Amino acid sequence: MSEYCPVIICADGNIFDSSLGHIQTLVSLSGDPDVLASIPKDVSPLLYLASSLHCVIVDYENQIYVDSLTPAQEEALDALSEAGLIQNHRIGMPHESLKL
């Protein structure tokens, strides 16, 4: 059993390795190396990028997303859970709570 499964799951269900850091992976997926400079200072960069890109942030114990999951993201999470790579603990953050 894994104790750490750092990945990002995009809306289409594609899974990207985030072993170098979730924020670094999200910045790369955004296509804008300067995207962090545009994030309001009172907002979590991690949640801002996850919301903007409609991605799920995954480690072993938690899967964090904003508003809702796509069916493809649910399938990807189920597959990771069934493979024993993550514990199923999905945490939905309401968009309004992020002050975006």
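Numbers here simply count residues along the sequence, with the first being 1. Since the structure is predicted, the reported quantities are computational estimates derived from the model, not experimental observations.
Residue Leu26 holds its CG atom at 6.0 Å from CG of Leu53, rounded to the nearest 0.5 Å. Between Cys55 atom SG and Gln73 atom CD the span is 7.0 Å, to the nearest 0.5 Å. Between the CG atom in Leu69 and the CG atom in Leu77 there is a gap of 6.0 Å [rounded to 0.5 Å]. In this structure, SG in Cys10 is found 10.5 Å from NE2 in His54, a value given to the nearest 0.5 Å. The CD atom of Glu74 sits 11.5 Å away from the CD atom of Gln63 when rounded to the nearest 0.5 Å. One finds the CG atom of Leu85 at 12.5 Å from the CG atom of Asp59 (value rounded to the nearest 0.5 Å).
No side-chain donor from either of Ser30 and Asp32 sits under 3.5 Å from a side-chain acceptor of the other.
In terms of heavy atoms, Tyr48 sits closest to Pro40 at CE1-CD, 3.9 Å. Contact between Ala72 and Ala11 at its shortest, heavy atoms only, is CB-O, 3.7 Å.
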Test side chain to side chain contact (heavy atoms under 4.5 Å, CB included) on Leu49 and Ile39 and set out the steps. CA-CA 9 Å; Leu49 291 170; Ile39 298 173; 4.1 Å; yes
Using the rule given for side chain to side chain contact (heavy atoms under 4.5 Å, CB included), can you reason through Leu80 versus Ile9, listing the C-alpha separation, both sets of side-chain angles and the distance that settles it, and then say yes or no? CA-CA 11 Å; Leu80 290 172; Ile9 303 175; 4.0 Å; yes
Test Val56 against Ile64 for side chain to side chain contact (heavy atoms under 4.5 Å, CB included), laying out the working first. CA-CA 6 Å; Val56 182; Ile64 300 170; over 6 Å; no
Using the rule given for side chain to side chain contact (heavy atoms under 4.5 Å, CB included), can you reason through Val58 versus Ile15, listing the C-alpha separation, both sets of side-chain angles and the distance that settles it, and then say yes or no? CA-CA 10 Å; Val58 180; Ile15 300 172; over 6 Å; no
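Looking at heavy atoms from C-beta onward, Thr25 lies out of side-chain contact with Leu20 at the 4.5 angstrom threshold.
Ser38 places a side-chain N or O within donor-acceptor distance of the main-chain N or O of Val35, the cut-off being under 3.5 Å.
Each of Gln87, His89, Arg90 was scored for a side chain to side chain donor-acceptor pair (under 3.5 Å) with Asn62, with one residue passing: His89.
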